[in-house]
Amino acid sequence: MSSTELIGHATGSSRFVDDLDLPSGTLHGAVFVSTIPKGKIAKLDVESARAAPGVAQVFTAQDVPGQNQIGTIVLDETLFAEDEVHFVGQPIALVVAATKKEAKAASRLIEVEFEEQEPVFCPRVAARAGNTIGKTRILSIGDVESSWPKCDVIVEDRVETGSQEHVYLETQSAIAFPGEGDGVKIISSTQAPTTVQTVAARVLGVAMNAVEVDVERIGGGFGGKEDQATPYAVMAALAAYILGNTVKIVLSRADDMRITGKRHPYSIDYRLGLSRDGRLLAYEVTYYQNSGAAADLSTAVLERSLFHATGAYQIPNVRVTGYCCRTNLPPFTAFRGFGAPQAVFAIESAVHRAAAELKRPVDELQEKNLLEESFELPFGMRVGPCHGKRALQEVKALADLKQIKKEVVAFNSGERVFKKGVALTPIAFGVSFTSTFLNQASALVHVYRDGSVSVSTGAVEMGQGVLRKMRAIAALTLGVSEHRIQVESANTKRVANSSPTAASTGADLNGRALEMACETVLMRLKRFAATAYGCHERQVKIAEDEAHFGQGKRVVRFEELVDAAYLKRVSLSAGAHYATPGIFYDKDIEKGSPFAYHVFGAAVTVVKLDCLRGTYKVEDVFIVHDGGKSLDEKVDLGQIEGGLLQGIGWMTVEHLPFENGHVGAANLATYKVPDMFSIPRVTARFMDDLRNPRAVRSSKAVGEPPFLYGLGCYFALVDAIAAFRPGHRVRYEPPLTPEKVLGYLYPRSGSAT
Ligand code: MTE
Ligand code: HPA
Ligand code: MOS
C-alpha cells in the first residue's frame, strides 16, 4: 500500500481483483441461477455442461463437503439451491472452466425444470401471512395512546421507499488459491474478510485456521459487500479446494445488478401528533421492511431503522414497530445508512406534512423539536454531547436561508415554467454497530530495525480513505513521518476475528486498536531510552522522526533509537485489541445505550424544477457537519460529497423496479445514477473546533451520515411542485423521478392548464 492509495483510486492505477496477475492454468467460474421467483426444482441435469469444452467441473449443492449454508445472523440461506428456489438470481450451480467464456457457455447447457409456486413480493402480504424473519420488534417511550387526545393536529400517512443498487465500481469478485492440505487462500472483494473466512470454513468443512482471506482494497462496497461478497468468495474457495487449482469468479455488471442484494425497500405507516404551537408530542410508526428471500443482514438493518425512528427530533411519546418481511426477491442487504435513511425519510415526511397542516414554515418546526443533550431516545439512550442545534443555526447562516427563501418566493412569482424549492435537513446518526459484540477491533504493529513500520488492522479500504487514516494515526502516535508507515492488507492471518468494515466505524475501531498497539511499542522504546540515554522515561519525547531525552542530552534519529533497542533485545512488535466501552443493548426490554455517540449536522438544499419537462437540477447544497477533529479533512469532505450524492440519487433518479421478481433495470442504461451533471454546488463546512472524546484522536465517524443530507432534495422538490400546483398532495414515495414529477404537476389532464 503506497501513500498514493487514494490517488490510485482516482486515477485508476489501484488494482482490484480482476486486475491481479494469475498463475497459469487458473480456472474461471460462472454462476448458474434461478430464473423464477419461487418453486421446486423438479429436475437438474448438469451432465451436458460437464461435458462441454474447457469445463473442469460443475458444482451443485451435492458437492459441498461441509454445510451448504451461508447465513450469518440467521442460518436460512444456501450456497447452492437444494430442492427449492426462492428468488430470481438464486445460485443453483457453479460451472468452472478454462476460460470465462467457456464457463458461461457451458452454464447455458444446464437443464433445469421448475414447478413454479405463487411468489410474494409485497412485504405487507408477507407480514399478514406471518412470513417474517426474527421477532417483531416494538420499542416505545412515554405513552402514545393517551397522547392522541392531547394533540391539536394529527397527520397520518403511508410512505414507500424504493430499493437502490450499490453500483460499486468493482463487481463481486474473488480468487481462491489451493494451499497444502486443507488450506485455501482467498482474495475477495469483501468488506468482511472474517465473514468470508467463517463461511468458507463452514462450507468446506475445515477449521477457520485453514482459510486465509486477504483484502488489499476493494473498488467500493457501500454495504453491498458486507454480506453479499461471501457466496462468490466461497464458491471460488470450494472449487479451488476440490480441484486443487486457482479459481477466479468475477461477476459481469449485468449479473451483479441482476442477482445481488440491494437496499431494502420499506413500506411505512405513521401517525404524528403535535400541539398547535408545533411541538411534536406523539409518533407511532410501523416499518414493513422488504427483506427479500433470506435474512442476510435484514434484522440488523431493521434495528438501525428502529433506533433512527425519530430522526433528528425529540418526541416524548413514541411507539415503533418493525417487521422483517420475507418475500421472493433477492435478499436485500446493507447499503450506506443501513436502515436509517428509510426511517429518517418517514419522520421527515411526517414533519413536512404536519407543517403544511399547521400552515407553519417547516424549518420552524424542525428547529423547535431538535434533539437536545439530556433527551432520552425511545430505546433508552440519552443523546449526550449534541451539536445539532449549532449545526442548524450555522447552516442557516452559511446559506443565508432567510434571503434564499425570499429570493425563491420572488423567483417563483416571476416565473411560469421554472419553480424553485428549498429544504432544511437536520441529521443525527448513531455510531457503533447496533450489535454490540461487533464493536471491537485488533491491530498489529511491527517496527523494523531501519525504523520503517508495518501496520495491520482489519480495516478494508473501499475508497473511504480508512488506510490513509490508519497511516496518519500510526505516524502521529509514534512521532514519525508518514512515509515510514506501510499499511498492510486486511488479512485474517495477521488480524483475527475482525468485524466488517461497516457501520462507519472503520477508523474508530481499527484506529483505536492501532493507536494502542503503537503506544505499546512507544512505551517500550521510552523505557529503553531512559536506561540507555540516562534520563527519565517522562523526559523521552519522540517527534518528527527524532528522539529527545531532555535538556542538554543528545538527539538521536528514530531509526538509531530503534536499532539500539533491538540490540538490547527490546520487542518492537505489538498487538492490541479495542472494544468500545460503555455500550449495551437489551433486546428483551428494548432498552440500552447502543451507540458510542451521534453525528450531527444540517443541510440546506435548493432545487430548480422545469415545470414543462418535469426535470430538475439540485442547484445548491449547504452543509454544516460535525466531524469532530478530522483525521483528514479532504477525505472527510469527499465522504460528505459522495454520501450526499448517493442520497440525492436514491431520492431522485435511482428507480429500481422489480417485475415478477426480476430486477427491472439491470444495466446502467436503464438504471440511472447521478452523473457529473447532477452534482450540485456543495458548500460544506465542518464545525472544526469540536472534539469527540468517544473516538480515536477526538475524531468522528463520517462514512454514512452524510447520505441523509441527500434526503433534503425530495422535500425541496415537493416545495417547488407546491409553488406550481399549490395544495396538490404529493405522495412520499421516492424516487421522485421526472416522470413522477410530471404526474404531480399535471394531475388529471396530463397537459398544462
Ligand atoms: N466511500 C467510498 N468511497 N466507498 C465506499 O464503498 N462505503 C460507505 C462509506 N463511504 C463507501 C464509502 C459505507 S456504507 C460505510 S459503512 C463506510 O464508508 C465504511 O467505511 P468506514 O467505516 O471506514 O467509514
Ligand atoms: N451497521 C452496519 N453493519 C452492521 C450493523 C450496523 O449497525 N450491525 C451489523 N452489521
Ligand atoms: Mo455500511 S452500509 O455499514 O457498509
Side-chain angles (χ1 to χ4, degrees), residues 5-6 9-10 14 16 72-73 164 166-170 189-192 194-195 217-229 261-264 295-308 332-342 429-439 441 457-470 473 490 498-511 580 583 585 594-596 599 627 630-632 635-647 695-696 699-708:
E5 172 70 17
L6 292 169
H9 282 18
S14 293
F16 302 125
T72 47
I73 303 176
Q164 186 175 24
H166 299 89
V167 202
Y168 24 64
L169 218 55
E170 180 189 31
S189 181
T190 180
Q191 290 173 242
T194 293
T195 305
R217 68 176 70 82
I218 69 178
F222 306 111
K225 294 171 182 170
E226 185 177 339
D227 249 24
Q228 295 271 324
K262 301 151 205 323
R263 185 185 294 282
H264 293 82
D296 192 276
L297 292 158
S298 295
T299 52
V301 170
L302 182 74
E303 187 163 67
R304 188 168 281 277
S305 306
L306 301 171
F307 293 164
H308 288 78
F332 292 102
T333 195
F335 197 139
R336 207 172 198 164
F338 205 76
Q342 294 90 329
F429 190 91
V431 175
S432 288
F433 286 95
T434 61
S435 318
T436 301
F437 78 93
L438 289 174
N439 296 289
T457 71
V460 169
E461 174 62 44
M462 59 189 103
Q464 89 282 38
V466 71
L467 298 194
R468 158 86 201 86
K469 291 183 175 180
M470 293 306 109
I473 288 167
S498 58
S499 291
T501 301
S504 306
T505 61
D508 283 22
L509 298 175
N510 296 286
T580 312
I583 51 171
Y585 195 73
F595 299 123
V599 169
S630 177
L631 290 163
D632 187 311
V635 166
D636 287 355
L637 185 61
Q639 287 295 296
I640 290 176
E641 292 173 343
L644 166 72
L645 206 65
Q646 226 163 14
V696 61
S699 67
K700 265 203 176 182
V702 70
E704 293 166 285
F707 184 94
L708 298 173

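All ligand and atom numbering here is 1-based and tracks the order in the structure.
- Not one N or O on the side chain of Gln464 forms a donor-acceptor pair closer than 3.5 Å with the backbone of Gln639.
- Looking only at protein heavy atoms, the nearest one to atom 17 (C) of ligand 1 is Gly703 CA, 4.2 Å.
- Taking any N or O of Gly221, backbone or side chain, at least one lies under 3.5 Å from an N or O belonging to ligand 1.
- With ligand atoms numbered from 1 in the order given, ligand 1 contributes 16 (S) to contacts under 4.0 Å with heavy atoms of Ala502.
- For Phe307 and Tyr585, the ring centers sit closer than 6.0 Å to each other.
- Near Phe335, the atoms of ligand 3 lying under 4.0 angstrom from a non-hydrogen atom of the residue are 2 (S).
- Taking 4.0 Å as the cut-off, Ala701 does not count as a neighbour of ligand 1 on heavy-atom distance.
- The nearest heavy-atom contact from the protein to atom 9 (C) of ligand 2 is Leu438 CD1, 3.5 Å.
- Aromatic rings from Phe595 and His308 are positioned such that their centres are separated by under 6.0 Å.
- Within ligand 1, the atoms closer than 4.0 Å to a non-hydrogen atom of Val466 are 23 (O), numbered from 1 in the order shown.
- Counting the atoms of ligand 3 from 1 in the order shown, those under 4.0 Å from a heavy atom of Glu704 are 1 (Mo), 2 (S), 3 (O).
- Aromatic ring pairs are classed by plane angle as parallel below 30°, tilted from 30° to 60° and perpendicular above 60°; the pair Phe335 and His166 is parallel.
- Between the side chain of Arg304 and the main chain of Gly430, a donor-acceptor pair closer than 3.5 Å is present.
- Judged by distance alone, with hydrogens and angles left aside, the side-chain atoms of Thr333 form no donor-acceptor pair with the main-chain N or O of Gly224 at under 3.5 Å.
- Two residues are said to be in side-chain contact when any heavy atoms from C-beta on lie closer than 4.5 Å; Ile218 and Thr190 fail this criterion.
- Counting heavy atoms under 4.0 Å from ligand 2, residue Glu303 does not touch it at all.
- Contacts with ligand 1 closer than 4.0 Å are made by side-chain heavy atoms of Gln639 only, the backbone lying farther away.
- Side-chain atoms of Thr501 never come within 3.5 Å of backbone atoms of Gly506 as a donor-acceptor pair (strictly under, hydrogens ignored).
- For the pair Gln164 (side chain) and Gln646 (backbone), a donor-acceptor distance under 3.5 Å is present.
- Ligand 1 places these atoms under 4.0 Å from at least one heavy atom of Gly463: 2 (C), 3 (N).
- Close contacts of ligand 3 with Gly223, meaning ligand atoms under 4.0 Å from a residue heavy atom, involve 2 (S), 4 (O).
- When side chains are defined from C-beta on, Ile473 counts as touching Leu631, because their heavy atoms get closer than 4.5 Å.
- Panel note: side chain Glu226, backbone Ala334; no donor-acceptor pair is recorded below 3.5 Å.
- For the pair Gly506 and ligand 1, the shortest N or O to N or O distance falls below 3.5 Å.
- Using a 4.0 Å cut-off to heavy atoms of Gly220, the atoms of ligand 1 that qualify are 6 (O).
- At least one N or O atom of Phe222, backbone or side chain, sits closer than 3.5 Å to an N or O atom of ligand 1.
- Using modelled atom types, one side-chain atom of Lys225 and one backbone atom of Gly220 make a donor-acceptor pair closer than 3.5 Å.
- Note: an N/O pair closer than 3.5 Å links Arg336 and ligand 1 by distance alone.
- For Met462, a nitrogen or oxygen atom sits less than 3.5 Å from a nitrogen or oxygen atom of ligand 1, counting backbone and side chain alike.
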Q. Are Ser305 and Gln342 close enough, and set up right, to give a side-chain hydrogen bond (donor to acceptor under 3.5 Å, both in side chains), and what steps lead you there?
A. CA-CA 7 Å; Ser305 306; Gln342 294 90 329; 5.1 Å; no
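- Side chain of Asp632 to backbone of Lys469: no donor-acceptor contact under 3.5 angstrom is found.
- At distances below 3.5 Å, not a single donor-acceptor pair connects side-chain atoms of Glu704 with backbone N or O atoms of Arg336.
- Only the backbone of Thr505 comes within 4.0 Å of ligand 1, counting heavy atoms alone; no side-chain atom from C-beta on gets that close.
- Atoms of ligand 1 found under 4.0 Å from any heavy atom of Gly223 (numbered from 1 in listed order, with element): 14 (S).
- The closest approach between any non-hydrogen atom of Ala503 and ligand 1 is below 4.0 Å.
- Taking every heavy atom of Gln191 and a limit of under 4.0 angstrom, the matching atoms of ligand 3 come to 4 (O).
- Residues Asp227 and Thr72 have side chains in contact (heavy-atom distance under 4.5 Å, counting atoms from C-beta outward).
- The protein heavy-atom contact nearest to atom 10 (N) of ligand 2 is Glu226 OE2, 2.8 Å.
- Regarding atom 23 (O) of ligand 1, its nearest protein heavy-atom neighbour is Gln464 NE2, 3.0 Å.
- Taking atom 15 (C) of ligand 1 as the reference point, the nearest protein heavy-atom neighbour is Glu704 CG, 4.0 Å.
- Heavy-atom proximity to Ser435, at under 4.0 Å, picks out these atoms of ligand 2: 8 (N), 9 (C).
- The contact set between ligand 3 and Arg336, taken as ligand atoms under 4.0 Å from a residue heavy atom, comprises 2 (S).
- At a heavy-atom distance under 4.0 Å, only side-chain atoms of Phe338, from C-beta outward, approach ligand 2.
- Contact annotation: Ala503 has at least one heavy atom less than 4.0 Å from an atom of ligand 3.
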